[in-house]
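Here is the structure we will look at.
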Amino acid sequence: MKKAIPLKNKLSLRDLNLMGSPYYVVLFFLILIPLILILFYAFSERVNDLFISFSFNYFRQFLNEPAFIKTMLDSIKLAIYTTLVTLFIGYPTAYLITKSNKKTQTLLILMITAPMWVNMLLRTLAWKQIFEMLNASLLGTDIAIITGMVYVFLPFMVLPIYTVLSKIDPKLYEAADDLGANKFQTFLKVTLPLSITGVLSGITMVLLPAATTLVIPKYLGKNRYLIGNLIEDRFLTAGNWGYGSAIAIILSLVIMAMVIFTKKLDRNKGAKE
Amino acid sequence: MKSLKNWISKSYIGIILAFCYAPIFSLIIFSFNENKSLTNWGGFSLKWYEKLFDSTDIMTAVIMTIVIAVLATLISVFIGTLAAISLSKSKKVFKDVMLGVNNVPIVNPEIVTAVGLLLLFVSFQIDRGYTTMLLAHVAFCTPYVVITVYPKVKSLDPNLAEAANDLGATPVQALWLVVFPQIKVAIFAAAAIAFTMSFDDFVISYFTAGSATNISIYLYTLRRGVEPTINALSTIIIVIIGVVVTYRYLKSNQNNEQEIE
């Protein structure tokens, strides 16, 4: 009926809301409900076939389990080392790339990101191969795991830093030069502060997956047990949904705290300037 | 002094690139190895390529990976783009809530998303297989589509769509002829992200696929260790990616030159 009159033929607000509805279904069923289920499983306990009661048991259980805490700290430690190494080799890489001409920049960025398109498991297996060739006794050590993680996550550090650095107005460098700053001072006073946003997003983009990877400890750590593997075990081997969910919640909270902490650093920086 | 500096910076980038490509070269070289060993060279041979194409397990996994990636990309781009357009016109509160939920899988560790989806399928007694894997991929790709397309939609001039309506275009025509061409670039970018993420995903597939396999699951669950057939497979993937990347690089150069002209 409505369509017979051209003037009423507008994209009304209601039509637009309907357009989004398949997505709202996805959001609700595939994102929100799973999240609620994790909470539900973590905080409940089966009393008998019919009744389920609220409980903190799973949380209590693993706080009493030193192995769990150790695994958690171990994962975080390795993730932090990885993040620091990627930062220390990734920052100069991004910086030097911005110093080359435009055409070379595009090529170099493509070359750094291209390996990301090869399956992550294959890249990790390739490192296993290399370690076996060079020095097999390194497999299973922190060095092997960190090398693998640095390799896999390096582009996540280089890209955001490069993006920020390449957007800095060249006039700022000229101004610093005119005001008598040497190269090092310019870097310290102009480049570094302006690139902090990129550095921080690089840090979160590396820290997050590095703390939870399943694949790298399995191949390069000779089945070293990290938090990801712990969750995998609880869910897929032991079928202990509640305990696994509780670990997932703790992990989410820790990661969230780390992300908020890094974001805070950025805000303080902004407030000072 | 300047040439020394130049030399240092070139060798630094050289070392980084060597680091990036060493494992890839090692994969390629040992895919042509006569020996079964992944570390000892025993002469040139193509036998692992033959074995690769003979292995139905691997081929099924490869095909499944591609099929799922294509479907997940199409579905997530379609619903994500419509959602982005719709959200740009919704009320602020609604929009904020939706974009907030949208961010959950982006900021949450992948393994937590995976666990949540596993619980969903188990709780509702849905048998895990290719369908659940596809649903899971749609679930983690769509949020990236929305955050890629939404800013572009938001920056559009709303008058244009209205003008099209005033000129008698149906809503579908207005969308297709006026809105879509303006956000095309963002949609393609979103499709590239979705495809790459789905193609490369391991953790979420592993938790949601049940007995179904894609390439990552196949590799992870190999019991007898890795064979050079896997190197052969990766070499083929690397060659394809190499061609695509080179093509894109050459094309972007062309575009730049056109812009300068």
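Quantities reported herein were computed from a predicted structural model and do not represent experimental measurements. In the text below, chain A, chain B and the rest are named by the order of the sequence lines, each starting its count at 1.
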Name the option with the most non-hydrogen atom pairs under 4.5 Å to chain A; the candidates are [options].
options	result
B/Phe199, B/Tyr206, B/Phe121, B/Phe78	B/Tyr206
B/Ile15, B/Leu135, B/Leu117	B/Leu117
B/Ile13, B/Thr81, B/Ile215	B/Ile13
B/Val146, B/Thr113, B/Ile230, B/Val138	B/Val146
B/Val245, B/Leu233, B/Val115	B/Val115
B/Thr65, B/Thr196, B/Val122	B/Val122

Exercise for review: Would you please say whether a donor-acceptor pair under 3.5 Å links the side chains of A/Tyr23 and B/Ser86?
Suggested key: no
Check your understanding: Does the pair A/Tyr41 and B/Ser123 meet the rule for a side-chain contact (heavy atoms from CB on, under 4.5 Å), with working shown?
Key -> CA-CA 10 Å; A/Tyr41 276 97; B/Ser123 307; 3.0 Å; yes
Close side-chain approach of [X] and [Y], heavy atoms under 4.5 Å:
X	Y	result
A/Phe40	B/Leu119	no
B/Phe124	A/Ile33	yes
B/Ile111	A/Leu251	yes
B/Val203	A/Thr212	no

Distance (rounded to the nearest 0.5 Å) between [X] [atom1] and [Y] [atom2]:
X	Y	atom1	atom2	answer
A/Ile112	B/Leu17	CD1	CG	5.0 Å
A/Asn119	B/Asn214	CG	CG	8.0 Å
B/Lys5	A/Lys183	NZ	NZ	5.0 Å
A/Leu236	B/Leu118	CG	CG	6.5 Å
A/Tyr24	B/Asn102	OH	CG	10.5 Å
B/Leu219	A/Leu121	CG	CG	5.5 Å

Restricting to non-hydrogen atoms, name the atom on [X] and the atom on [Y] that form the minimum distance, rounded to 0.1 Å.
X	Y	result
A/Pro115	B/Ile24	CB-CD1, 3.8 Å
A/Leu27	B/Val101	CD2-CG1, 3.9 Å
A/Ile130	B/Ala22	CD1-C, 3.9 Å
A/Val118	B/Ile241	N-CD1, 4.0 Å

Answer yes or no: does atom [atom1] of [X] have more than 12 heavy-atom neighbours from other residues, nucleotides or ligands under 6.0 Å?
X	atom1	result
B/Leu74	CG	yes
B/Phe94	CZ	yes
B/Phe180	CZ	yes
B/Trp41	CH2	yes

For the candidates [options], which exhibits the highest count of non-hydrogen atom pairs separated by less than 4.5 Å from chain B?
options	result
A/Leu125, A/Ile227, A/Ile31	A/Ile31
A/Tyr151, A/Phe235, A/Trp117, A/Tyr219	A/Tyr151
A/Met111, A/Arg123, A/Glu132	A/Met111
A/Leu107, A/Leu35, A/Leu208	A/Leu107

Review point. Backbone N or O of A/Met120 within a donor-acceptor pair of the B/Asp200 side chain at under 3.5 Å?
Key: yes
Point to revise | Any donor-acceptor pair under 3.5 Å from A/Lys218 side chain to B/Tyr220 backbone | key: yes
In terms of heavy-atom proximity below 4.5 Å to chain B, should [X] be classed as side chain, backbone, both, or neither?
X	value
A/Met256	neither
A/Leu154	side chain
A/Thr147	both
A/Ile255	side chain
A/Pro209	neither
A/Leu214	both
A/Pro92	both
A/Val259	neither

Study note, to complete from the structure: For residues 12-26 of chain B, the side chain to side chain donor-acceptor pair (under 3.5 Å) pairs (sequence neighbours left out) are A/Gln129-B/Ser26
Check your understanding: According to the interplanar angle, ranging from 0 to 90°, do the rings of A/Trp127 and B/Phe19 count as parallel (below 30°), tilted (30 to 60°) or perpendicular (above 60°)?
Key -> tilted
